[in-house]
Each structure stands twice: as C-alpha cells, then as structure tokens.
A.B. asks: 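What follows is a structure written as structure tokens; I'll ask about it next.
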2 protein chains.
Amino acid sequence: MPQPPAPRKTPGRPPRISREEVVGTARRIVDSEGVARLTMRRLAAEIGSTPMALYHHVRNKEELLVLLLDDYAARTLHRPGLPAEPRERVVVCAAAIHEALAACPWIVEVLTADDLLSTSALWFVEQIVDGLVACGLPPERAVHGYRAIWYYTAGEIVVRTTAGRRRADDGRPTYREQVFDGLDGDELPRLAQVAGRWQELTAEDTYLDGLRALVDGLLRPR
Amino acid sequence: MPQPPAPRKTPGRPPRISREEVVGTARRIVDSEGVARLTMRRLAAEIGSTPMALYHHVRNKEELLVLLLDDYAARTLHRPGLPAEPRERVVVCAAAIHEALAACPWIVEVLTADDLLSTSALWFVEQIVDGLVACGLPPERAVHGYRAIWYYTAGEIVVRTTAGRRRADDGRPTYREQVFDGLDGDELPRLAQVAGRWQELTAEDTYLDGLRALVDGLLRPR
DNA sequence: ACCTGAACACCGTTCAAGT
DNA sequence: ACCTGAACACCGTTCAAGT
C-alpha cells in the first residue's frame, strides 16, 4: 500500500481548522437552520474563524455543497438487502435513494450537480443497471433506464420539496389555488372534475407507484 | 360583461413604467444574459428607473420570476394537433411541455414553483389527464399518472440543464469523471463495463423513450 | 399614485499582509 | 502553510420623503 506523504516537520503554520471541521459545521447549520442560512460568513463565524480561512479548505461554496452532499450520502444511504427478483432489486435501490433524499430537503440545491450523487451512491446505481440487464436489457438500454429512473426520482424530490417550501411561506392562496378557482369547466372538464381534490390527490405519496410503472414500462416487451 | 373600473381623473402621479414593461425587460435580460444576471437593480437600470420603482409593479423578485415563466409559457407553448389514439395524446402533450421547457434552461429556477407551470399549461394537463382516463384509468389514478409524468419531465430538464451548466464552467474533470476513473471493477462490474461510454450514453436525448416507457407502465393491466 | 435616495443588512471572493 | 483585515463588487428590500 502506498503511504501518504510523510508529514514534513513544521511545514509552516499549523492548521487551526480542518476540512472535516468545515464540512461538519456546515452540516450542523444546514440541519438546524436550512441551506439558505449556510453562508461562508456565517460558517466562519460558527467555526470561530474568518470567511477567508475557509477558502484554504474548500475551493468555493459550490465545492462545499458537493462535499456536504457526499457527507450526507455516506452517513444516511444504507444498502438494503437485495431481493432475488432483479426487477425488485431495481425498485428497492431506487426507493432507497429516494428515501434518503426525501429526508433531506436542502439537497435540492445540490442534487442536480451531476448525474450521480456521490461515490456512496455508486453501489445503488450498479444494482439498478445490473438489475435491468438481468431482466434482459442490453447494457446501453440499462443505462438509459437508470437515467429515466433518476429523472423521475430527482423530479419527485425537487417538485415536492419546492411545493412544500412555497406552501409554508405564508397563508395566502397559492398560485395553483388561484388557477383552479378560475377554471373553465367547459374547456377543461377533467381538471374541473378533480379541482376540489387536486390538493389532496397530489399530496399523496405515489412515488413507489410511479416508480413501479416506470420500471415495468422500461422492461416491457417491445 | 363587467367593465373594468373607470379610470379616475388624475388619481395621482401618472405611471412612468408598467408591469408589462418590467416583465418584458426582464425577459430580454434573461434571454440575452441568463437568469443569474437578472437582479432588481440591473433590471431597474435597464429600464431607466430605480430598484424601488419595480416594487410598485411586482410584489418581489419571486413574483417577477413567476410572471416571467407565465409570459414565456404563453408565448412558446403551442397546442399540438391531437392524435386520435388517447395514449398518443398523452405522449404528444407531455413532449410539447418538455420541448418548451428544454428550449429555456433558465426556467429551472422557477420550474418547481408549483405543480403546474402556468395557466397556459392547463390545456396540456387537461389533455394528459383526459388521455389517461380515456385509456381506462379512474380519474384519481389519471391525476397521479400526470404527476408521475411531470416528475419525470421536470427531473429531465433540471438534471440535464444543471449538468450542462456545470460542464461549461471550466475544463477541469467533472466530479463524475473523477469517480469513474477510480472505479472498482470487482465491486461495480456493470459500471466499470460502461464507464468509458457513460458520458456518451447519458448525453443522448432519451426523453421520449423514457416517457413512452412511463406511459405504457402507467397504463399496463394490473 | 407613483417614484426617488439613502440606508439596512447582507452576500461570495480577491488581495496583500501577517505569523 | 495557514490565517487575518480590509476591500471589491455586488445583492433584495424597507423606510421616509418628494412630486
């Protein structure tokens, strides 16, 4: 095994804060007050340092957010037991990713950073792609299938958390409510029919139903 | 028809700028320089006024963004011809929404405002719900089906545009590239197998394939 | 009624200097 | 090598006053 570079004696001023401390403190702020409150200045104050000291440990705020997501994924993304049926493996792994993200609404800001969340999520991606291949998809189609599942999952999180944020803002009627109140039942009969129940219907958690539909659709004979 | 309230004579100082002018100018800034450059101060400067004058025409920046999305939807969301086959109607309408959004990457910031984009999009939602009902789904399941389609569509836009934004930033290897370079082929064989083609595979536009899979899945016999 | 100026309470980041 | 202080170039929004 290659050794880490031997620590030079007094290579300069000894560090007062570490990258781990920066990320850990950022996590505490985010958990207790939300991402909006995480600023470089606030973080520096919390850590008892200056904004600029942080830039010795992270490249910039964006890197800090990615590190935060990584840290979160490593701590909360636990590998589920894998069912024997490959289709069920796909569903279980997608649902595990979804569950971890849903518990962590601030993630939305960083979620779309790239097409995979973090190294900790790779195992889940592997299981999903492998499950789709085991069900008969060629590898390329399996990757595309994984992407479709990721779009659906990310979209569900983004839409649901932002809608929730909006609702919490104030008591005024939402844009949606205004729209439904002025609905033309002649031109839009189906929407008029469900207008009264829209709120209730869309508040239901139907992630799993949609996921199963998508997976079944991806694996349908063509 | 109810008349609009009669304009009082000299009800005060005559307006120098209008809400339409505010939204129109905001649109020009966003189209030419991106959402990031749309600030209340910049907008006021562009309009030849002061930041505070804007607050007489829009409640705040968030309302401005929603108005912008509305304006955009009204101008670019054109109703397609409807195929006879209801399943195909669903696909065509979802694809039309997707196409309008994809041409307008700044939308991501506002996209998740609520579960429907704007009044102009209601017709599309109606067609999708109606198409699903015509295929045999009960109204509640049709609404849930619409939601699943919306999650998938919004997710595709959000993930794709943010990934593109990231890529354009600089020439350094992306987080994803780093991750794939250090991939353990024993633990993650499927990912190792496609690692070299991941970029190419995920760059392909497979929105329609995934959409058809999802719609087929939603309509499968159960 | 509508607009202005000044101010409040912030941002992320750079630069030059200190230890 | 690591940290500090001061500064740069911004934000959205409120308040009190002017026309």
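Proteins get letters first, then strands, A, B, ... in listed order; numbering begins at 1 in each. Computed from heavy atoms alone, side chains included, the values below leave out hydrogens, waters and symmetry copies.
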A.B. asks: Checking A:Glu99 now: which residues fulfil salt bridge (Lys or Arg N to Asp or Glu O under 4.0 Å) with it, not counting sequence neighbours?
C.D. replies: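 Once residues adjacent in sequence are excluded, A:Glu99 has no partner under the salt bridge (Lys or Arg N to Asp or Glu O under 4.0 Å) criterion.
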A.B. asks: Could you provide the dot-bracket string of DNA chain C, using ( ) for intrastrand pairs, [ ] for crossing pairs and | for bases paired to another strand, with Watson-Crick or G-U pairs below 3.5 Å?
C.D. replies: ||.|||||...|||||.||
A.B. asks: Looking at residues at least two apart in the chain, or sitting in another chain, which of them share a side chain to side chain contact (heavy atoms under 4.5 Å, CB included) with A:Asp186?
C.D. replies: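 In terms of side chain to side chain contact (heavy atoms under 4.5 Å, CB included), with neighbours along the sequence ignored, A:Asp186 is linked to A:Asp184.
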A.B. asks: Treat primed atoms plus P, OP1 and OP2 as sugar-phosphate and everything else as base, then score nucleotides 14-19 of chain C 5' to 3': B for base contact with protein heavy atoms under 4.0 Å, S for sugar-phosphate contact only, - for none.
C.D. replies: BB--BB
A.B. asks: Side-chain N or O of A:His57 versus OP1/OP2 of D:dC3: is the shortest distance under 4.0 Å?
C.D. replies: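 So the side-chain polar atoms of A:His57 do come within 4.0 Å of the phosphate oxygens OP1 or OP2 of D:dC3, strictly under.
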A.B. asks: Restricting both atoms to N or O, compile the protein contacts to nucleotides 9-11 of chain D shorter than 3.5 Å, with distance only.
C.D. replies:
unit_1	atom_1	unit_2	atom_2	d
D:dC11	OP1	B:Thr39	OG1	3.2
D:dC11	N4	B:Arg41	NH2	3.3

A.B. asks: For residues 44-55 of chain B, pull every pair meeting side chain to side chain donor-acceptor pair (under 3.5 Å), keeping only residues two or more places apart or in separate chains.
C.D. replies: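 Found B:Arg42-B:Glu46.
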A.B. asks: Considering residues at least two apart in sequence or located in another chain, which fulfil the salt bridge (Lys or Arg N to Asp or Glu O under 4.0 Å) criterion with A:Arg41?
C.D. replies: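 Scan of A:Arg41 (salt bridge (Lys or Arg N to Asp or Glu O under 4.0 Å), adjacent residues dropped) gives none.
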A.B. asks: Considering residues at least two apart in sequence or located in another chain, which fulfil the salt bridge (Lys or Arg N to Asp or Glu O under 4.0 Å) criterion with B:Arg16?
C.D. replies: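 Salt bridge (Lys or Arg N to Asp or Glu O under 4.0 Å) list for B:Arg16, sorted by chain: empty.
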A.B. asks: Run the salt bridge (Lys or Arg N to Asp or Glu O under 4.0 Å) test against A:Arg141 and tell me which residues pass, sequence neighbours left out.
C.D. replies: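 Testing A:Arg141 for salt bridge (Lys or Arg N to Asp or Glu O under 4.0 Å), a comparison that skips the adjacent residues, returns none.
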A.B. asks: Can you sort out the partners of B:Tyr151 under side chain to side chain donor-acceptor pair (under 3.5 Å), two or more places apart, ordered by chain and number?
C.D. replies: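 For B:Tyr151 the side chain to side chain donor-acceptor pair (under 3.5 Å) partners, ignoring immediate neighbours, are B:Arg147.
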A.B. asks: Apply side chain to side chain donor-acceptor pair (under 3.5 Å) to B:Gln127 and list each qualifying residue two or more places apart in sequence or on a separate chain.
C.D. replies: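 So B:Gln127 forms no side chain to side chain donor-acceptor pair (under 3.5 Å) with any residue.
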A.B. asks: If we take the P atom in both D:dC10 and C:dA9, what is their distance in whole Å?
C.D. replies: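 Nearest-Å result for D:dC10 against C:dA9 at atom P: 22 Å.
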A.B. asks: According to salt bridge (Lys or Arg N to Asp or Glu O under 4.0 Å), does anything in residues 20-30 of chain B pair up with another residue at least two apart or in another chain? List the pairs.
C.D. replies: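 Pairs touching residues 20-30 of chain B that pass the test: B:Arg27-B:Asp71.
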A.B. asks: Could you tell me the separation between the CG atom of A:Leu43 and the P atom of D:dC3, rounded to a whole number of Å?
C.D. replies: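 Whole-Å distance recorded here is 13 Å.
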A.B. asks: Indicate yes or no: does A:Glu187 engage B:Arg79 in a salt bridge with an N to O separation below 4.0 Å.
C.D. replies: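 Between B:Arg79 and A:Glu187 there is a salt bridge, with a charged N closer than 4.0 Å to a carboxylate O.
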A.B. asks: When you get a sec, tell me which of C:dT4, D:dC3, C:dT13 is the closest nucleotide to the side chain of B:Ala53?
C.D. replies: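 Nearest to the side chain of B:Ala53 among the choices is C:dT4.
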